Visitor: 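Following this message is one structure expressed as structure tokens.
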Amino acid sequence: MRIIETPPDWPVDEAAARALQDELRGRVVRDEPGPPPGTGHVTGLDVAYDDERDLVAAAAVVLDAATLEVVEEATAVGRVSFPYVPGLLAFREVPTVLAALEALSVEPGLLVCDGYGRAHPRRFGLASHLGVLTGLPSMGVAKNPFTFTYEQPGPARGDFSELVADDEEGREVVGRALRTRHGVKPVFVSAGHRVGLDTACAHALRLSPRYRIPETTRRADALCRAALKEALGGRI
DNA sequence: GCGACAG
DNA sequence: ATCTTGTCGC
């Protein structure tokens, strides 16, 4: 498998990355409700790393939103394009994720990212970033509350509470802590591009009929790990 | 200055 | 994210 090149103009330091976020954040569309849950395609995105060998494997798994059956899968392997810095996660994953998306032959529909969208120090997380670059509706489902605060939601599946940011951008509801399984730790949902928070949560719930983590993310997670293994070629 | 901090 | 065995529970 060919290794995806990091674009030559990719940000080389934190200052450049933040500047690009500030430029792109103005392009996020926030006044569209988003695709109706249960219709069209939903695409799970995730990546796995091998920092030792400087490799990142990305997976895009397209599901039928109504049945959650796999429509198509694609992977890509690239170089790690940025160190992990909280708030700049996108710069680590975007080139390789875009390559995986471009390898698809069907329309991705709604992008479901493993991380945040609007819930971000500058309101421009991974999901927002990917949405703006592709023009596709996007949302984030994260496993941890990051720096945000929230009240414990009720115990029932579907119960939720506000995810609140209180930072340089002001105090604001940036997402929701959503219970996808009874009595289990909630997931943290935020809108990315061209999707509202209500719709994003409805999708997150539909995509998680059995486990805490949405099927989109679970499928993409398994696939990118397999792709990384294959890229490493057994020789360890 | 120190600690916390999506993946 | 990743390093890692067994183990408790449905």
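This one's a predicted model, so the numbers in the text were calculated from it and none came from an experiment. Letters A, B, ... are given to chains in the order of the sequence lines, protein chains preceding strands, and every chain is numbered from 1.
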Visitor: Using a 4.0 Å heavy-atom cut-off, does A:Arg225 contact any base of the nucleic acid, only the sugar-phosphate backbone, or nothing at all?
Guide: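 Sugar-phosphate: the residue A:Arg225, judged by heavy atoms under 4.0 Å, touches backbone atoms but no base.
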Visitor: Indicate yes or no: does A:Arg92 engage A:Asp51 in a salt bridge with an N to O separation below 4.0 Å.
Guide: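 The answer is yes: the pair qualifies as a salt bridge.
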Visitor: Under a 4.0 Å threshold between the charged nitrogen and the carboxylate oxygen, would A:Asp221 count as salt-bridged to A:Arg218?
Guide: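 A salt bridge is absent here (no side-chain N lies under 4.0 Å from a carboxylate O).
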Visitor: Classify the nucleic acid contact of A:Leu45 as base, sugar-phosphate or nothing, counting any heavy atom under 4.0 Å across all strands shown.
Guide: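 Nothing, no heavy atom under 4.0 Å.
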Visitor: Looking at A:Arg176 and A:Asp159, does any basic side-chain N land under 4.0 Å from a carboxylate oxygen?
Guide: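 So A:Arg176 does not pair with A:Asp159 through a salt bridge.
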Visitor: In whole Å, I'd like the distance from the CZ atom of A:Phe148 to the C1' atom of B:dG7.
Guide: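 My rounded result for the distance is 14 Å.
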Visitor: Answer yes when A:Lys229 and A:Asp50 have at least one side-chain N-carboxylate O distance shorter than 4.0 Å, and no when they do not.
Guide: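 Between A:Asp50 and A:Lys229 there is no salt bridge, as every charged N stays at least 4.0 Å from the carboxylate O atoms.
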Visitor: Please work out which of the three classes, parallel, tilted or perpendicular, describes the rings of A:Phe91 and A:Phe82, given edges at 30° and 60°.
Guide: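 Geometry flag for A:Phe91 against A:Phe82: tilted rings.
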Visitor: Would you mind reading off the distance between A:Glu14 atom CD and B:dC5 atom C1', rounded to a whole angstrom?
Guide: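 It is 13 Å, rounded to the nearest whole Å.
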Visitor: Does A:Asn144 put a side-chain nitrogen or oxygen below 4.0 Å from OP1 or OP2 of B:dG7?
Guide: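 For B:dG7, OP1 or OP2 has a side-chain N or O of A:Asn144 closer than 4.0 Å.
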Visitor: Expected output check: what is the dot-bracket annotation of DNA chain C, where ( ) and [ ] are pairs inside the strand (brackets for crossing ones), | is paired with another strand, and pairs are Watson-Crick or G-U under 3.5 Å?
Guide: ..........
Visitor: Whether A:Glu73 and A:Arg219 form a salt bridge (side-chain N of Lys/Arg under 4.0 Å from carboxylate O of Asp/Glu) is what I want to check.
Guide: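 Looking at A:Glu73 together with A:Arg219, the answer is no, because their closest N to O distance does not fall below 4.0 Å.
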Visitor: Of all nucleotides in DNA chain C with an atom under 4.0 Å from a non-hydrogen atom of chain A, which is the first and which the last going 5' to 3'?
Guide: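 It runs C:dA1 to C:dT2.
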Visitor: Less than 4.0 Å between a side-chain N and a carboxylate O, is that true for A:Arg118 and A:Glu169?
Guide: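 So A:Glu169 does not pair with A:Arg118 through a salt bridge.
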Visitor: Taking CG from A:Asp166 and P from B:dC5, how many angstroms apart are they, rounded to a whole number?
Guide: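 Nearest whole value for this atom pair: 17 Å.
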Visitor: Given side chain to side chain contact (heavy atoms under 4.5 Å, CB included), test A:Val77 with A:Thr96 step by step and report yes or no.
Guide: CA-CA 6 Å; A:Val77 177; A:Thr96 313; 5.6 Å; no
Visitor: Return the value, rounded to whole Å, for the distance between atom CG of A:Leu163 and atom P of B:dA6.
Guide: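 Atom CG in A:Leu163 sits about 12 Å away from atom P in B:dA6.
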Visitor: Please state how far atom CE in A:Met139 lies from atom C1' in B:dA6, giving the value in whole angstrom units.
Guide: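 That distance rounds to 14 Å.
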Visitor: Report the stems of DNA chain B as range-with-range entries sorted by first number; a stem here is at least three consecutive pairs, Watson-Crick or G-U wobble, both distances under 3.5 Å, and write none if there are none.
Guide: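 DNA chain B stems: none present.
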Visitor: Considering residues, nucleotides and ligands other than A:Glu5, do more than 12 of their heavy atoms fall under 6.0 Å from its CD?
Guide: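 Atom CD in A:Glu5 is not packed in, count stays at 12 or less.
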Visitor: Decide yes or no on ring pair (Phe, Tyr, Trp, His ring centres under 6.0 Å) for A:Tyr84 and A:Tyr49, but give the supporting numbers first.
Guide: CA-CA 11 Å; A:Tyr84 174 66; A:Tyr49 301 100; 8.6 Å; no
Visitor: How many whole angstroms separate atom CG of A:Asp114 from atom C1' of B:dA6?
Guide: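 It works out to 8 Å between those atoms.
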Visitor: What class does the angle between the rings of A:His129 and A:Phe124 fall in, given that below 30° is parallel, 30 to 60° is tilted and above 60° is perpendicular?
Guide: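 Because their plane-to-plane angle lies in the 30° to 60° range, the rings of A:His129 and A:Phe124 count as tilted.
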Visitor: From NE2 of A:His129 over to C1' of B:dA6, roughly how many Å is that when rounded to an integer?
Guide: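 For the pair A:His129 NE2 and B:dA6 C1', the rounded distance is 15 Å.
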Visitor: Mind checking A:Ala119 for me? I need base, sugar-phosphate or nothing, with any heavy atom below 4.0 Å counting as a touch.
Guide: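 Counting heavy atoms under 4.0 Å across all strands, no contact is made by A:Ala119.
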Visitor: For B:dA6, does either OP1 or OP2 sit under 4.0 Å from a side-chain N or O belonging to A:Tyr84?
Guide: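 Answer is yes, contact under 4.0 Å.
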Visitor: Once you apply a heavy-atom cut-off of 4.0 Å, does A:Asp46 come out as touching a base, just sugar-phosphate, or nothing?
Guide: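 Counting heavy atoms under 4.0 Å across all strands, the contact made by A:Asp46 is with sugar-phosphate only.
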Visitor: Atom NZ of A:Lys143 and atom C1' of B:dA6: how far apart are they, to the nearest Å?
Guide: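 Atom-to-atom, A:Lys143 to B:dA6, this comes out as 8 Å.
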Visitor: How is A:Gly87 classified with respect to the nucleic acid when contacts are heavy atoms under 4.0 Å: base, sugar-phosphate, or nothing?
Guide: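 Base, at least one base atom sits under 4.0 Å.
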Visitor: Would you find a donor on one side and an acceptor on the other, under 3.5 Å apart, between the side chain of A:Ser161 and the backbone of A:Glu151?
Guide: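 Judged by distance alone, yes, a pair lies under 3.5 Å.
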